[in-house]
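Everything on this sheet refers to the single structure shown next.
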Number of protein chains: 2
Amino acid sequence: MGTVSKALSLLSLFNHGRLEIGLSDITRLSGMNKATVYRLMSELQAQGFVEQIGNDRAYRLGPEVLRLAALREATVPLLSVSQDILRQLCESTGETAHMSIVQGRQLNTLTHAYSPQHGTRVTMEDAEILSFHGTGSGLAFLSYAKEEFVDEILSQPLAVHTSQTQTDPQKLRAALAQARVLGIAESIGGFEADVHSHAAPIFGPDQRPIGALAVAAPMSRMTAQLKSRIRRELKAAALDLTQRIGGFCPPDYPQDQAA
Amino acid sequence: MGTVSKALSLLSLFNHGRLEIGLSDITRLSGMNKATVYRLMSELQAQGFVEQIGNDRAYRLGPEVLRLAALREATVPLLSVSQDILRQLCESTGETAHMSIVQGRQLNTLTHAYSPQHGTRVTMEDAEILSFHGTGSGLAFLSYAKEEFVDEILSQPLAVHTSQTQTDPQKLRAALAQARVLGIAESIGGFEADVHSHAAPIFGPDQRPIGALAVAAPMSRMTAQLKSRIRRELKAAALDLTQRIGGFCPPDYPQDQAA
DNA sequence: AACCAACGGTTCAAATAATGAACCAACAAC
DNA sequence: GTTGTTGGTTCATTATTTGAACCGTTGGTT
C-alpha cells in the first residue's frame with residue numbers, strides 16, 4: 001500500500017460514532033506508527049482534509065471535502081437527483097426512504113427523506129454504514145453484484161444485528177436469487193427490530209450496481225397492500241435514478257412485469 | 001511537499017470548467033512526471049476519490065468525497081445551516097444569496113439560494129471560484145483576515161474581470177478599512193458587470209474569518225432602501241451562521257450599530 | 001509533592017517507497 | 001508510412017517514509 005493510500009485510509013476511520021479522533025486513537029485504530037500517523041495527518045491538515053480543534057487537539061474532517069463534494073455533484077448529480085426522487089418516493093409510500101452507495105466494501109447511506117404522514121417512522125442518519133446481509137439495500141446490491149464480491153462478503157463472519165438477522169450464507173443466496181426475480185430485495189427486521197425494508201439496486205454506466213434505493217417501514221404497518229405499492233414505486237424510482245445519473249440497468253434486470 | 005500533498009493537490013485541479021481530466025492533461029497542469037501522476041491517480045482511484053470513465057479514460061471526482069462530506073456535515077453542519085439561512089436571506093431581500101468559504105488561497109462558493117420574487121436575478125453555481133479583490137465576499141473575508149494573508153493576495157497580479165474591477169491595492173485597502181467600520185463589504189460590478197454584491201464575514205471558533213455570506217443584486221435594482229435592508233439582514237444572517245456553527249466574532253467586529 | 005500514565009509532538013539512522021527518462025501499444029490525422 | 005497524440009509500464013537511481021526512542025505537558029492517584 002502506497003503512502004497516499006495509507007493517508008486516505010486514515011480518513012475512513014471517521015464515522016458517525018467517531019467524528020473526532022485524537023492522534024493516539026488514530027494510531028491505535030490504524031495500527032500504524034505514531035510518527036507516521038502524525039506526519040500523514042499533518043499533510044491531510046495542510047490540504048484542508050482534516051482540521052485540529054479544541055485543546056485536546058483532536059482531528060476532524062475539514063472543509064475541503066465540501067468543495068470536492070460540490071464538484072462531484074456538478075459532475076454526477078447523484079445527491080441532488082436522489083433527494084428529488086426520495087422526496088417523491090416517501091410521499092407516495094408514506095414511509096421513510098433512503099439511498100445508499102457502495103464504497104469499497106462498505107455500504108453507506110448518503111441521504112434520506114421522511115414522510116410526514118405517520119407519527120411513527122423509521123429514523124435514519126446520513127453517512128451511516130449498513131450491513132450487506134442485514135438490510136434490503138445490501139441484498140439489493142448483492143443481487144446484481146459480481147460473484148466474487150458476493151463470495152467475499154458472505155464468506156466473512158456475518159454480524160447478528162437482531163434476533164431476526166439472517167446469517168446463513170445459503171439462505172442469503174436464496175434471498176438474492178429471489179431478489180433477482182422481482183428486482184426488489186427485502187429484509188424483515190434484519191438490521192433493526194421491527195423494521196421492514198424493501199430496496200432496489202441502482203446501476204452505473206457500466207450496468208453494474210453502485211448502490212440501492214430503499215423504503216423502510218415499521219413492521220406493524222406492512223400490509224400486503226402497502227407492500228405492493230412500495231414495490232411498484234420503488235422500482236420506478238430506482239429506474240428513474242439510474243437513468244438520471246447516466247446509468248443503465250443490465251439486460252437481465254426485470255423491468256416491465258408488475259411486482 | 002510530501003507525496004500525500006502532491007496527490008491531494010491533483011484533486012484541486014478539478015473545477016467547474018474542468019470536471020473531467022485526462023492523464024496527459026493532469027500531467028501538464030500539475031507539472032509532474034507522467035508516471036508519478038499515473039501512480040498517484042491510481043491510488044486516489046483505489047480509494048474512491050476519483051474514478052475513470054468513458055473510452056478516453058478521463059478522471060473525474062469519485063463517490064468517496066460524498067461520504068466524507070456527509071460526515072463533515074455531521075460534525076459541523078455548515079452546509080445545512082447555511083442553506084437554512086440563505087433561504088431566509090434571499091426571501092427577506094428578494095435577491096440571490098450565497099455562501100463561500102476560503103480553502104487555502106481560494107474563495108469557493110459552496111451553496112446559494114434564489115429568490116423567486118424577480119424575473120431577473122443574479123445566477124450562481126456552487127463550487128465556483130471567486131476572486132478576493134473583485135467580490136463583496138472576498139473583501140468581507142479580507143477585511144478580517146490576517147495581515148500576511150491580505151499582503152499575499154494584494155501583492156499578486158489582480159485579475160481584471162470587468163471594466164469596474166478595482167485592482168489598485170491601495171484603494172482596495174481603503175475599501176477593507178471601510179468594510180471594518182460597517183462589518184459589511186461591497187463590490188459594484190467588480191466581478192460581473194451589472195452585479196452589486198454585499199457581503200459579511202463568517203467567523204470560526206478561533207474568531208478568524210472562514211468565509212462570507214453575500215447578497216448579489218442587479219445594479220439597476222439597488223436603491224438606497226434595498227441597500228439598507230440588505231445590510232441589516234445580511235449582518236444578522238452572518239452573525240446567526242457564525243454562532244450556529246460554533247464560531248465567534250472578534251471583539252472588534254461592529255455588532256450593534258445599525259448599518 | 002511526588003509519582004505515573006497518557007497525551008501530542010519530535011528526532012534521525014535505516015529501510016523503503018517514490019521518481020522520471022525511456023519505452024509500449026493503440027489510435028488519429030495527414 | 002510517418003508523425004504525434006493518447007493511456008499505461010519499466011527499472012535503476014534517488015529521495016522520502018518509517019519507527020524506536022525521546023521530550024515536554026497534562027491530569028489523575030497516592
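Just so we're on the same page: letters track the sequence lines, and every chain starts at 1. Remember, it's a predicted structure, so these values are computed and weren't measured experimentally.
Contact annotation: A/Thr3 does not reach the phosphate of D/dT16 (side-chain N/O to OP1 or OP2, under 4.0 Å). Of the side-chain N and O atoms in B/Tyr59, one or more sit less than 4.0 angstrom from OP1 or OP2 of D/dG8.
The only member of B/Glu73, B/Arg244, B/Met99 that meets side chain to side chain contact (heavy atoms under 4.5 Å, CB included) when paired with B/Val81 is B/Arg244.
Not one N or O on the side chain of B/His98 forms a donor-acceptor pair closer than 3.5 Å with the backbone of B/Leu86.
Within the structure, no pair that satisfies the salt bridge (charged side-chain N to carboxylate O under 4.0 Å, His left out) test touches residues 4-19 of chain B, not counting sequence neighbours.
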Give every donor-acceptor pair under 3.5 Å between a side-chain atom in residues 129-144 of chain A and any protein atom, sequence neighbours left out.
residue: A/Ser131; atom: OG; partner: A/Gly134; partner atom: N; Å: 3.0
residue: A/Ser131; atom: OG; partner: A/His161; partner atom: NE2; Å: 3.0
residue: A/His133; atom: NE2; partner: A/Ala159; partner atom: O; Å: 2.7
residue: A/Thr135; atom: OG1; partner: A/Ser131; partner atom: O; Å: 2.8
residue: A/Thr135; atom: OG1; partner: A/Gly138; partner atom: N; Å: 2.9
residue: A/Ser143; atom: OG; partner: A/Ala140; partner atom: O; Å: 2.7
residue: A/Tyr144; atom: OH; partner: A/Arg180; partner atom: O; Å: 3.3

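With a cutoff of under 4.0 Å to any heavy atom of chain A, the contacted region of DNA chain C is bounded 5' to 3' by C/dC7 to C/dA18.
Side-chain contact check for B/Met32 versus B/Leu10: some heavy-atom pair is nearer than 4.5 Å. B/Glu128 has its side chain out of reach of B/Ser100: every pair of non-hydrogen atoms, C-beta onward, lies at least 4.5 Å apart.
Scanning for salt bridge (Lys or Arg N to Asp or Glu O under 4.0 Å) contacts around B/Asp151 gives B/Arg173, with sequence neighbours left out. Residues satisfying the side chain to side chain donor-acceptor pair (under 3.5 Å) criterion with B/Glu152, sequence neighbours excluded, are B/Arg105. Every residue two or more places apart in sequence or in another chain that forms a side chain to side chain contact (heavy atoms under 4.5 Å, CB included) with A/Arg60 is listed here: A/Glu20, A/Glu51, A/Ile53, B/Arg72, B/Thr75, B/Val76. In this structure A/Ser42 satisfies the side chain to side chain donor-acceptor pair (under 3.5 Å) test with no other residue, sequence neighbours excluded. For A/Glu192, the side chain to side chain contact (heavy atoms under 4.5 Å, CB included) partners are A/Val195, not counting sequence neighbours. For A/Gln83, the side chain to side chain donor-acceptor pair (under 3.5 Å) partners two or more places apart in sequence, or in a different chain, are A/Thr111.
Using five terminal pairs a side, the axes of the helix from C/dA1-D/dT30 to C/dC30-D/dG1 at its two ends make an angle of 30°, given in steps of 10 degrees.
Of the two residues near DNA chain C, A/Val4 and A/Ala58, the one whose nearest nucleotide lies more 5' is A/Ala58.
Within a heavy-atom distance below 4.0 Å of DNA chain D, the residues of residues 37-51 of chain B found are B/Tyr38. Across residues 22-34 of chain A, A/Asn33 each have a non-hydrogen atom less than 4.0 Å from an atom of DNA chain D (numbered order).
The two residues B/Pro63 and A/Gln103 have their closest heavy-atom pair at O-NE2, 2.6 Å.
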